[in-house]
2 protein chains.
Amino acid sequence: MTTPPKTSTKALPPGAQRATSHDVARLAGVSQSTVSRVFRDGASVTQATRDRVEAAARQVNYRPSRAARALTSNRSGMIAVIATKPSHRAHPEVLYDLGEEIQAAGHRQLVFVLPEDRVDVATVHDILSYNVDGLISCAVLDDDAIEACHAARVPVVLFNRESPAMPVASISCDHGAGLHALFARLAAYGTPEITYLAGPAKSFVSASRLTGVREAAAAAGFAIATVLQGDYSFDFGRKAMTELGGSGVVPRILLAANDAMALGAIEACRRDLGLRVPEDVAIVGYDDVPQASWPSFELTTLHQPVRDMAAAAVSMATARMDVPEFQSEVRRLGATLRLRGSA
Amino acid sequence: MTTPPKTSTKALPPGAQRATSHDVARLAGVSQSTVSRVFRDGASVTQATRDRVEAAARQVNYRPSRAARALTSNRSGMIAVIATKPSHRAHPEVLYDLGEEIQAAGHRQLVFVLPEDRVDVATVHDILSYNVDGLISCAVLDDDAIEACHAARVPVVLFNRESPAMPVASISCDHGAGLHALFARLAAYGTPEITYLAGPAKSFVSASRLTGVREAAAAAGFAIATVLQGDYSFDFGRKAMTELGGSGVVPRILLAANDAMALGAIEACRRDLGLRVPEDVAIVGYDDVPQASWPSFELTTLHQPVRDMAAAAVSMATARMDVPEFQSEVRRLGATLRLRGSA
DNA sequence: TCAGGAAATGACTTCGTAGTCAAAGACTAA
DNA sequence: TTAGTCTTTGACTACGAAGTCATTTCCTGA
């Protein structure tokens with residue numbers, strides 16, 4: 001398995017300490033205060049001194065210590081992001097999207113990968129001990145946890161989640177328009193009845209999608225024949241569809257709470273049941289993962305604007321950083337229908 | 001698009017400052033030093049005082065400030081991870097894997113999402129300004145950049161990359177055994193010739209896979225008929241295969257530098273060329289992404305042990321944190337053959 | 001040329017914890 | 001009991017930059 005590690009050692013240069021503002025000050029012939037001012041915005045420094053200081057700083061590779069800065073100004077330049085293990089299934093790139101946006105906003109992303117889909121006060125206190133300037137959570141936060149952030153004046157943004165009780169800033173997805181368009185389209189099949197493959201019961205996203213589907217179906221005069229509770233996996237979609245086929249009740253229209261299950265169902269139709277999509281079964285997913293557009297699948301799905309949601313989350317967080325009073329806001333970006341071959 | 005934001009404001013409790021070690025000390029009737037000792041490991045405190053201090057700390061939700069701790073002890077409890085934009089294509093879950101391992105090791109993951117696949121000294125100095133305890137890079141680092149980390153006594157681990165010149169710790173993938181097994185299998189087709197869909201020229205991973213394939217092919221008596229330079233995308237794989245088919249030279253065996261291109265090639269065979277896989281064309285990928293095992297594709301591929309590599313990277317980093325002298329080590333985990341239907 | 005005001009700069013203190021050192025307390029052996 | 005060792009504790013300072021305030025410098029207009 002492992003190549004026998006070729007290990008070698010090498011002595012390090014001895015006096016390799018990072019330069020401080022005092023070092024730069026001495027080198028540039030100014031005071032430490034002045035060096036500090038050069039590296040702070042809104043400071044008033046002569047262009048000449050600024051040049052001298054910057055030259056000196058460059059010479060010794062000086063960068064202000066974030067730790068020291070955090071201590072005095074209470075701003076660390078970091079935004080914490082809570083990500084849960086299962087959350088990466090549908091959109092593994094979320095951390096990259098958020099990371100880019102955070103970076104672009106001049107901050108850094110401190111990631112906490114946590115096992116559970118619910119985060120408590122203890123975790124938040126740990127996060128707060130890093131003096132983060134903001135918190136974006138892809139997990140559900142306890143009311144206490146949110147309260148703790150508010151008390152510490154750290155803006156919180158819930159990502160793809162909303163808090164039912166606590167007032168808090170959140171960015172999530174509005175299913176309304178997309179689902180409306182979808183059902184308008186599905187009406188063409190002449191069978192106003194759907195089968196729904198839902199996500200896990202306790203998941204916020206799952207619940208909100210189910211609600212959205214129920215409302216849109218009702219509005220469009222559709223009945224929901226069956227709701228099967230799944231786990232967002234390809235395999236579940238495949239098995240569920242196979243079982244439906246085996247029991248003789250093949251749905252005319254199948255909606256899934258995410259793309260993986262929808263793709264699994266398509267597989268089941270083709271491989272296991274010998275059914276054609278969309279001629280025999282129309283199948284619709286949710287998310288618009290890259291594979292949805294692959295020619296093998298051509299999955300009609302609801303596109304969730306993850307990238308835009310990430311940008312919104314970061315801008316909501318940064319906007320609140322300098323505002324002393326807490327601001328609640330429920331923001332939703334619309335999901336759009338991606339009409340492809342499967343329905 | 002956006003729901004009219006229901007914005008409400010709410011006054012914050014006034015004296016909501018985070019508790020300090022002094023507060024806890026006062027509450028517990030001890031000195032600040034003692035509080036500090038309780039929250040440090042290897043300290044010597046009586047059980048009785050420890051209990052009192054911990055009770056007081058719990059009462060006011062005290063956690064030591066990481067910023068202050070970083071300032072005095074020069075340990076921030078964070079490991080920086082450099083991730084590049086394109087790197088997420090094959091294994092978007094890397095940040096989750098690394099994140100979990102880092103968390104398990106008692107540290108936090110500070111993510112830098114950067115556009116380029118090459119990182120210079122300036123970036124590293126920025127990273128070092130956060131006082132990180134280690135750096136795991138999924139991007140190529142300049143020699144200067146590595147040098148800067150060494151000088152700052154911050155252990156560096158290159159992830160899925162190796163540095164040709166600089167001595168450094170790295171964890172990457174050994175293609176040897178897996179490719180050997182693959183070619184042994186491919187010999188059954190009786191056509192000792194392959195076509196290879198490579199990755200981008202400047203990419204380290206791409207280059208190392210190409211080298212691996214060349215060596216294994218030579219060892220097994222295979223010729224490489226064509227090498228096409230791709231971009232790791234599904235679309236490129238599909239187009240490349242279609243063009244090969246259109247020009248009349250359909251390869252008997254096609255190897256791709258990643259799964260996405262291989263899957264694209266399978267698509268092209270089925271949809272565009274009417275060829276059967278593996279009867280007409282045998283196709284092999286690299287990575288073992290989830291879709292490779294989907295019944296639609298059944299892609300034979302080389303599995304890259306990302307999870308294990310993440311664990312190794314973190315343990316290599318943490319192991320070096322308390323060691324004063326720098327230790328170089330080239331560690332490789334073997335890719336294993338996942339034999340499925342496509343070859 | 002000089003007064004008045006704005007801009008630039010430096011001395012000093014602060015942030016919250018870790019570590020150093022010395023003092024006090026507990027315990028052991030004779 | 002007493003000297004000697006080990007453990008526990010507290011006073012004090014360092015860490016590196018930011019902010020406060022006082023001082024100096026630079027301009028402007030009369």
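Here is the naming used below: chain letters follow the sequence lines, and residue numbers restart at 1 for every chain.
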Give A:Arg75 one of three labels, base, sugar-phosphate or nothing, depending on what nucleic acid heavy atoms sit under 4.0 Å from its own. nothing
I'd like to know if A:Thr46 reaches the base of C:dA7 with its side chain such that a donor and an acceptor end up less than 3.5 angstrom apart. no
So what does B:Val35 touch, heavy atoms closer than 4.0 Å: a base, only the sugar-phosphate, or nothing? nothing
side-chain N/O B:Thr20 vs C:dC15 OP1/OP2, d < 4.0 Å: no
Has the side chain of B:Arg66 got a donor or acceptor that lies under 3.5 Å from a partner of the other kind on the base of C:dG16? no
Regarding B:Thr34 and B:Ser31, do their side chains bring together a donor and an acceptor under 3.5 Å, going by distance alone? yes
Would you kindly say whether B:Asp126 and B:Thr123 are connected by a side-chain donor-acceptor distance under 3.5 Å? no
Distance-only polar pair, side chains of B:Arg40 and B:Ser36, donor-acceptor under 3.5 Å: yes
Please state how far atom CG in A:Asp51 lies from atom P in C:dA8, giving the value in whole angstrom units. 14 Å
Any donor-acceptor pair under 3.5 Å between the side chain of A:Ser36 and the base of D:dG19? no
How many whole angstroms separate atom CZ of A:Arg40 from atom P of D:dG19? 5 Å
Figure out the CD/C1' separation between B:Gln32 and D:dC15, and round it to whole Å. 13 Å
Between B:Glu162 and B:Ser170, do the side chains contain a donor N or O and an acceptor N or O under 3.5 Å apart? no
Contact under 4.0 Å: B:Tyr62 side-chain N or O vs C:dT17 OP1/OP2: yes
CZ of B:Phe39 versus C1' of C:dT17: gap in Å, rounded? 12 Å
Starting at the 5' end of DNA chain C, which residue's closest nucleotide do you reach first, B:Ser73 or A:Thr72? A:Thr72
Rounding to an integer number of Å, can you tell me how far A:His22 NE2 sits from D:dA14 P? 12 Å
Does a side-chain N or O from A:Thr49 land closer than 4.0 Å to OP1 or OP2 of C:dT9, or not? yes
